[in-house]
2 protein chains.
Amino acid sequence: MARKPAVDPLLLGNQICFAVYSTAHAFNRFYKPLLDKLGLTYPQYLVMMVLWERDGVPVKDIGEKLFLDSGTLTPLLKRMEATGLIKRTRSTQDERQVLIALTPHGHALREKARAVPEAMLASSACSVGELFAMKNELEALRDKLNAALGE
Amino acid sequence: MARKPAVDPLLLGNQICFAVYSTAHAFNRFYKPLLDKLGLTYPQYLVMMVLWERDGVPVKDIGEKLFLDSGTLTPLLKRMEATGLIKRTRSTQDERQVLIALTPHGHALREKARAVPEAMLASSACSVGELFAMKNELEALRDKLNAALGE
DNA sequence: CACAATTAGATTGCGCACAATAGAAAAGAT
DNA sequence: ATCTTTTCTATTGTGCGCAATCTAATTGTG
């Protein structure tokens with residue numbers, strides 16, 4: 001009768017953080033060939049989803065939705081501007097803000113992008129309902145961890 | 001009677017990949033102050049967990065457990081050697097392999113590391129059972145996505 | 001109005017991730 | 001035993017992420 005069975009919290013196989021980490025990388029690898037066709041990286045795909053939902057937003061808003069700061073977004077958005085997906089223009093109302101707007105090409109990419117979640121759903125062997133439930137549980141955990149940082 | 005309600009698969013809020021991605025970053029940010037005390041980054045913490053479980057393993061084995069390749073691990077392990085956590089020695093049986101072994105300091109760090117999953121559990125507002133269930137679901141999804149890459 | 005405090009982005013530096021490539025060693029084939 | 005193929009690690013280059021710092025613009029206060 002072992003005292004400490006397989007419940008040691010320091011075993012890799014018992015770590016939820018590693019399950020999340022390794023699943024995030026698996027998504028990245030799975031999406032890469034699909035996103036290559038669109039000329040997007042995964043974080044750029046996230047930015048595009050923000051913009052498809054609401055266009056012409058300041059960098060700050062994108063950062064809040066994606067949990068990313070200017071150190072990440074500034075160079076990323078410059079690369080996206082260089083590839084012709086977006087345009088960066090400084091706001092006239094508030095000269096501190098840089099507004100991000102889709103180009104026609106960026107807008108048009110939305111239809112092609114539908115193949116991405118479709119392929120994931122097909123390969124996941126999960127129902128939409130199961131994935132939706134996981135999504136909600138993950139978001140709840142994420143929000144708890146983020147909340148714990150602000151004490 | 002909307003045809004397409006809030007189920008558009010291209011909305012950020014409906015993306016399980018983003019839930020996974022943003023939760024992974026939340027873990028990283030949550031762990032950072034804890035791991036700073038141990039002198040570890042998060043990927044280095046993962047390597048330590050592999051080594052605490054089984055010491056003196058080749059780089060390849062670490063890579064398979066963590067789903068990382070030599071391009072990531074070689075410089076990471078060199079940094080860990082520089083900070084005195086591990087030792088890298090080329091195998092005499094197979095000169096291609098580099099074996100990774102813990103230093104006494106690396107071994108001793110295990111006890112301090114117990115605070116990390118403890119703090120996560122306390123802030124997660126989840127039971128061990130709930131987290132374990134999520135872990136298993138994520139691993140299943142991860143394995144499906146990885147399997148889909150090998151066709 | 002002047003002036004301190006806050007806010008939005010940009011910049012620098014470091015550490016992952018990963019594709020692509022290279023090189024040395026081992027294993028397999030003839 | 002030679003030659004090919006495979007395996008293991010290292011290297012290079014690109015793109016995130018994030019802490020820390022900086023600058024300029026706006027807001028708040030007296």
Side-chain angles (χ1 to χ4, degrees), chain A residues 17-18 21-33 35-36 39-48 57-64 66-83 85-86 88-100 146 149, chain B residues 17-18 21-33 35-36 39-48 57-64 66-83 85-86 88-100 146 149:
Chain A
C17 65
F18 176 63
Y21 167 92
S22 56
T23 305
H25 289 317
F27 266 111
N28 211 345
R29 284 190 289 265
F30 180 84
Y31 279 173
K32 184 158 200 319
L35 292 175
D36 280 349
L40 291 171
T41 64
Y42 180 68
Q44 290 173 7
Y45 170 61
L46 294 179
V47 169
M48 292 303 282
V57 295
V59 175
K60 178 108 194 304
D61 288 20
I62 298 175
E64 279 173 3
L66 301 182
F67 305 94
L68 296 172
D69 66 5
S70 72
T72 301
L73 287 174
T74 296
L76 185 153
L77 292 169
K78 284 183 177 176
R79 283 187 289 270
M80 291 179 75
E81 186 175 39
T83 58
L85 292 166
I86 61 167
R88 299 160 65 250
T89 44
R90 203 159 279 274
S91 166
T92 50
Q93 277 82 11
D94 187 339
E95 293 273 351
R96 292 171 304 180
Q97 298 186 42
V98 170
L99 302 179
I100 308 300
N146 281 335
L149 280 179
Chain B
C17 65
F18 176 63
Y21 167 91
S22 56
T23 305
H25 289 317
F27 266 112
N28 210 346
R29 284 190 289 265
F30 180 82
Y31 279 174
K32 182 155 201 318
L35 292 175
D36 279 349
L40 291 171
T41 65
Y42 180 69
Q44 290 173 8
Y45 171 61
L46 294 179
V47 169
M48 292 303 282
V57 296
V59 175
K60 178 110 194 301
D61 288 21
I62 297 174
E64 280 173 2
L66 301 182
F67 305 94
L68 296 172
D69 66 5
S70 72
T72 300
L73 288 174
T74 296
L76 186 153
L77 293 169
K78 284 184 177 176
R79 282 187 289 270
M80 291 179 75
E81 186 174 39
T83 57
L85 292 166
I86 61 167
R88 299 160 65 251
T89 44
R90 204 159 278 274
S91 165
T92 50
Q93 278 82 11
D94 185 340
E95 293 272 352
R96 292 170 303 180
Q97 298 187 46
V98 169
L99 302 179
I100 307 300
N146 281 335
L149 280 179

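Every chain is numbered from 1 and lettered A, B, ... according to where its sequence line falls, protein lines coming before strand lines. Quantities reported herein were computed from a predicted structural model and do not represent experimental measurements.
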| Does the side chain of A:Arg88 get closer than 4.0 angstrom to OP1 or OP2 of C:dA8 through an N or O atom? | no
| task | Check for a donor-acceptor pair, side chain of B:Asp69 on one end and backbone N or O of B:Thr72 on the other, with a separation under 3.5 Å. | result | yes
| remark: Rounded to whole Å, the CG-C1' distance (A:Leu35 to D:dG15) equals 14 Å
| B:Arg88 to B:Leu77 - nearest heavy-atom pair and separation | CD-O, 3.8 Å
| task | Let me know the distance between OH of B:Tyr31 and C1' of D:dG17, rounded to the nearest Å. | result | 18 Å
| task | Measure from CG on A:Leu40 to P on D:dG15 and round the result to the nearest Å. | result | 13 Å
| said: Each nucleotide in nucleotides 13-26 of chain C should get exactly one letter: B, S or -. Can you fill that in based on protein heavy atoms under 4.0 Å? | reply: --SSBB------BS
| said: In this structure, how many angstroms lie between the C1' atom of D:dT6 and the CD atom of B:Gln97, rounded? | reply: 14 Å
| Quick one: side-chain contact (heavy atoms from CB on, under 4.5 Å) partners of A:Ser91, sequence neighbours excluded? | A:Gln93, A:Asp94, A:Gln97, A:Leu99
| request: Give the rounded distance in Å between these two atoms: CG of B:Asp36 and C1' of D:dC18. | output: 12 Å
| query | Do any N or O atoms from the side chain of B:Asn146 and from the backbone of B:Leu149 form a donor-acceptor pair under 3.5 angstrom? | reply | no
| message | Nearest whole Å is fine: how far is D:dC8 C1' from B:Leu73 CG? | response | 12 Å
| query | Is there a donor-acceptor pair closer than 3.5 Å between any side-chain N or O of A:Thr74 and the backbone N or O of A:Gly71? | reply | no
| said: Rounded to whole Å, please give me the gap between NZ in A:Lys60 and C1' in D:dA24. | reply: 17 Å
| message | Parallel, tilted or perpendicular, judged at 30° and 60°: which one describes the rings of B:Tyr42 and B:Tyr45? | response | tilted
| Does A:Lys78 put a side-chain nitrogen or oxygen below 4.0 Å from OP1 or OP2 of D:dG15? | no
| request: Write down the distance between CD1 (B:Ile100) and C1' (D:dT9), rounded to a whole number of angstrom. | output: 10 Å
